[in-house]
Amino acid sequence: MKKRVVAGVLWLYAGWFVGAFAAFAFGLPAVLGPIVGLAAAGLVGVDPRRLIWDRTRIATLPREAIPA
C-alpha cells in the first residue's frame, strides 16, 4: 500500500508538470496541469485493470518457485 501512495504522488507531480508544460507550449488553460496530474495519479493509485498492482500473481507462487 505504501508503494501505491508513493507512486501516486510521483505520478501526480509528473503529470502536473507535463500538463503545465503542454498548457504553456500550446497556449491552453493553466488548469490542464492539475487535471492531467490527478488523472495520472488516479490511474496509477487505483489501477482499475490490475495491470500494475497485481497481488494474485505473487500470492499464488509455489514455494519451490521462490529462489532461496
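As a basis for the values below, the full set of heavy atoms in this structure was taken, side chains included, without hydrogen atoms, waters or symmetry mates. Residue numbers run from 1 in the order of the sequence given.
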Restricting to non-hydrogen atoms, name the atom on Ala41 and the atom on Gly8 that form the minimum distance, rounded to 0.1 Å. CB-O, 3.2 Å

Mind checking who shares a hydrophobic cluster with Phe21, ILVMFWY linked at side-chain heavy-atom distances under 4.5 Å? none

Checking one residue: Phe26. Which other hydrophobic residues are in its cluster under the side-chain 4.5 Å linking rule? Leu28, Leu32, Val36

Apart from Tyr13 itself, its cluster of hydrophobic side chains linked below 4.5 Å comprises Val9

Hydrophobic clustering (ILVMFWY, side-chain heavy atoms < 4.5 Å, transitive) - are Trp16 and Leu38 grouped together? yes

Of all the heavy-atom pairs spanning Ala23 and Pro29, show the shortest one and how long it is. CB-O, 3.4 Å

Return the set of residues passing side chain to side chain contact (heavy atoms under 4.5 Å, CB included) with Val6 (not counting sequence neighbours), or none when no residue passes. Leu10

